Amino acid sequence: MSNNNVYIETYGCQMNLADTEVVLGILKSNGYSVTDDIRNADVVLLNTCSVRDNAEQRIYGRLGNLKRLKENNPGMVLGILGCMAERLRTDLIEEKKIVDLVVGPDEYRRLPEFIDTVYSGEKGIGVKLSKTETYDDIVPFREDGLTAWISVMRGCDKFCTFCVVPFTRGRERSRSTDSIIDEIQVLSQRGFREITLLGQNVNSYNDGINDFADLLAASAKVDRSLRIRFTTSHPQDLSDKLLYTIAENPNLCNYIHLPVQSGSNKILESMNRTYTIEHYLNLIEKARKIIPGVSFSTDIIAGFPTETFEDHLATIDVMQKVKYDGAYMFKYSPREGTKAFKMKDDVSEEDKSKRLSEIIDLQRIISYELNQKLIGTEEIVLVEGPSKKSDKFFAGRTDSNKIVIFPAEEIIASGDYIKVLLNKATSATLFGDYQSTVMKRNEKLPLTA
Ligand code: 5AD
Ligand code: SF4
């Protein structure tokens, strides 16, 4: 078969990275090969994100570049996948005429068919959302490595008023625990050391038999030397059962990404987050009791409609109370089709920027202080490989997802679990020295451990 080299660029969240692997799995089993050189590609795909306007603008910018590539290679198929597909298909196909293919997150199975439609001279369009598609039986295409992600559920039913995800990715549905466990088994045999279970709202995972805590417990048992992470958790659905499951299983990482979005009850209500800040803080306190040493990260939005300076101070107050290990912080970006889009975007750009930078500065100080406290302690680190800046150093991650840099030594290899004595810290990185090896790459813990 000719015309079969496919190149794909991925934007946005980890769900999209996982979807890209599903797409490549589908295309490969239909005779396509994957290339990482766009100049060799017959099919160029952008897997897109709509969550904030700047993500979409970046992708539009990229389409501008690709226009030239396509002019030189008119036979090339150019396609848009992911969240922008449904939202912008008319604009993409009719206005930006260079796009041949627009395929939304629930229609990837039909991608080979849509590409054939393009080869027969028409546009390939598939943007229907599904109540049932989970790609349960698709084997995602993954290069060998240490860390992998598995999407365990798709869509979101929460309808936070600022968020396009329920519209772009549709209703919640869960994959079967059996197929997820099979996938983890294969990854464990291939030598992976860390798996992240993904969903827009993983805590509402339910395959009709198991809830998310059951899934985590089953995942943890596959291979005790495999770290299991998960994201994203919604504060309304984080159950006690889940917290105890994390506490009982040493290879379930003691790290919870728990977006708060705002510290003000008035704003939380208007965001339809369905919890109060009191509930949220109680949850954090309870989690800390049940899982000693658990760390938290969060998402925060600055400048949601009607946010006053007092509301902003309430967010600052929550950050000071919780002391997050990390945070993803954004300016509110109005998204067409959401409830909040109908509200007046009444916080000025200047105030949004000011509030966001205050939030970012505070988080930097908090992360710095938390990291300073770790100096002098020993951490178990999964060695990921040479550090980005110098191959005289190695980089790895702690259970709580912090990056650690340490001098390379003969005895250390990627995939090993080692003990590192920490001797320095910035807000983003820990530094230390190798102490001892806990487990080599090819070693596994017995299942009873
Ligand atoms: N504006 C700003 N941030 C947003 N997020 C989602 N929608 C918007 C929006 N319209 C943020 C939320 C969410 C994260 C994935 O992106 O904080 O948790
Ligand atoms: Fe969006 Fe809220 Fe669902 Fe997260 S929980 S994907 S922010 S609607």
Side-chain angles (χ1 to χ4, degrees), residues 11-19 48-58 82-84 86-87 105 129 151-174 196 198-205 212 230-238 256-264 267-275 280 283 296-307 311-312 315 318-319 322 324 326-347 349 351-353 355-356 359-360 363:
Y11 296 82
C13 63
Q14 286 174 310
M15 291 292 291
N16 262 10
L17 291 167
D19 276 5
T48 63
C49 168
S50 281
V51 83
R52 281 170 297 276
D53 187 53
N54 51 11
E56 284 190 353
Q57 292 313 322
R58 255 181 77 209
C83 289
M84 275 169 81
E86 152 70 17
R87 260 174 56 68
L129 291 172
S151 67
V152 301
M153 51 101 58
R154 304 180 69 81
C156 183
D157 290 350
K158 287 284 179 224
F159 288 94
C160 301
T161 56
F162 51 80
C163 185
V164 284
V165 166
F167 306 100
T168 59
R169 301 189 80 98
R171 297 289 61 74
E172 281 177 5
R173 62 226 108 110
S174 300
T196 305
L198 295 176
Q200 234 76 41
N201 175 18
V202 278
N203 310 132
S204 52
Y205 173 89
F212 189 60
F230 57 94
T231 198
T232 291
S233 297
H234 191 289
Q236 199 200 20
D237 303 326
L238 192 76
I256 305 176
H257 181 61
L258 196 66
V260 68
Q261 313 294 3
S262 166
S264 151
I267 297 293
L268 287 174
E269 191 176 345
S270 162
M271 287 175 162
N272 189 33
R273 288 292 289 177
T274 68
Y275 52 84
Y280 183 93
L283 189 58
F296 289 97
S297 61
T298 199
D299 292 346
I300 295 174
I301 296 177
F304 187 78
T306 78
E307 187 188 78
D311 296 322
H312 167 64
T315 299
V318 170
M319 293 174 72
V322 177
Y324 294 103
Y328 301 90
M329 300 155 284
F330 316 101
K331 262 188 234 175
Y332 169 65
S333 166
R335 311 308 292 136
E336 211 173 332
T338 61
K339 254 193 173 166
F341 193 74
K342 298 195 194 85
M343 303 175 194
K344 202 163 154 249
D345 183 18
D346 59 356
V347 180
E349 186 54 35
D351 280 342
K352 275 188 197 168
S353 297
R355 290 175 195 174
L356 179 65
I359 288 169
I360 292 173
Q363 184 54 45

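Predicted model, so just to flag it, every value in this text is computed and none were measured. As the structure lists them, so they are numbered: ligands from 1, and atoms in each ligand from 1. Only this structure's heavy atoms are used, side chains among them; waters, hydrogens and symmetry mates stay out.
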Salt bridge Arg355-Asp311, side-chain N to carboxylate O under 4.0 Å: no
Between Glu307 and Lys352, is there a side-chain N and carboxylate O pair less than 4.0 Å apart? no
Could you check whether any side-chain N or O of Thr231 sits under 3.5 Å from a backbone N or O of His257, counting only pairs where one atom can act as donor and the other as acceptor? no
Closest to atom 2 (C) of ligand 1 among Lys331, Gln200, Lys352 (heavy-atom distance): Lys331
Report yes if Phe162 has an N/O atom closer than 3.5 Å to an N/O atom of ligand 1; otherwise report no. yes
Quick check on contacts: which atoms of ligand 1 are under 4.0 angstrom from a heavy atom of Phe330? 3 (N), 11 (C), 14 (C), 16 (O), 17 (O)
Keeping Asp346 on the side-chain end and Thr306 on the backbone end, is there a donor-acceptor pair under 3.5 Å? yes
Does some non-hydrogen atom of Arg169 fall short of 4.0 Å from ligand 2? no
Counting only protein N, O or S atoms and ignoring waters, those under 2.8 Å from atom 3 (Fe) of ligand 2 are Cys156 SG
Between His257, Met271, Gln261, which one has a non-hydrogen atom sitting closest to atom 12 (C) of ligand 1? Gln261
Report yes if Arg335 has an N/O atom closer than 3.5 Å to an N/O atom of ligand 1; otherwise report no. no
Residue Asp299 vicinity, atoms of ligand 1 by number, heavy atom under 4.0 Å: 13 (C), 14 (C), 15 (C), 17 (O), 18 (O)
Ligand 1 to Ser333 polar contact by distance, N or O atoms, under 3.5 Å: yes
With a 4.5 Å limit on heavy-atom distance, are the side chains of Thr161 and Met343 in contact? yes
Cation-pi check for Tyr11 against Arg58: NZ or CZ below 6.0 Å from the six-membered ring centre and within 45 degrees of the axis, yes or no? no
Less than 6.0 Å separating the ring centroids of Phe167 and Phe159? yes
Distance to 0.1 Å, residue and atom name: give those for the protein heavy atom nearest to atom 5 (N) of ligand 1. Arg52 NH1, 3.4 Å
Indicate, as side chain, backbone, both or neither, the part of Val51 found under 4.0 angstrom from ligand 1 when only non-hydrogen atoms are considered. both
Of all the atoms in ligand 2, which lie at a distance below 4.0 Å from a heavy atom belonging to Phe162? 7 (S)
Keeping the roles fixed (side chain from Thr298, backbone from Leu258), state whether a donor-acceptor pair exists under 3.5 Å. yes
Which label fits Tyr280 and Tyr324: parallel for a plane angle under 30°, tilted from 30 to 60°, or perpendicular past 60°? tilted
Would you find a donor on one side and an acceptor on the other, under 3.5 Å apart, between the side chain of Tyr275 and the backbone of Leu268? no
What verdict does the side-chain contact (heavy atoms from CB on, under 4.5 Å) test give for Cys163 and Arg335, after you've listed the backbone C-alpha separation in whole Å, the side-chain angles of each residue and the deciding distance to 0.1 Å? CA-CA 7 Å; Cys163 185; Arg335 311 308 292 136; over 6 Å; no
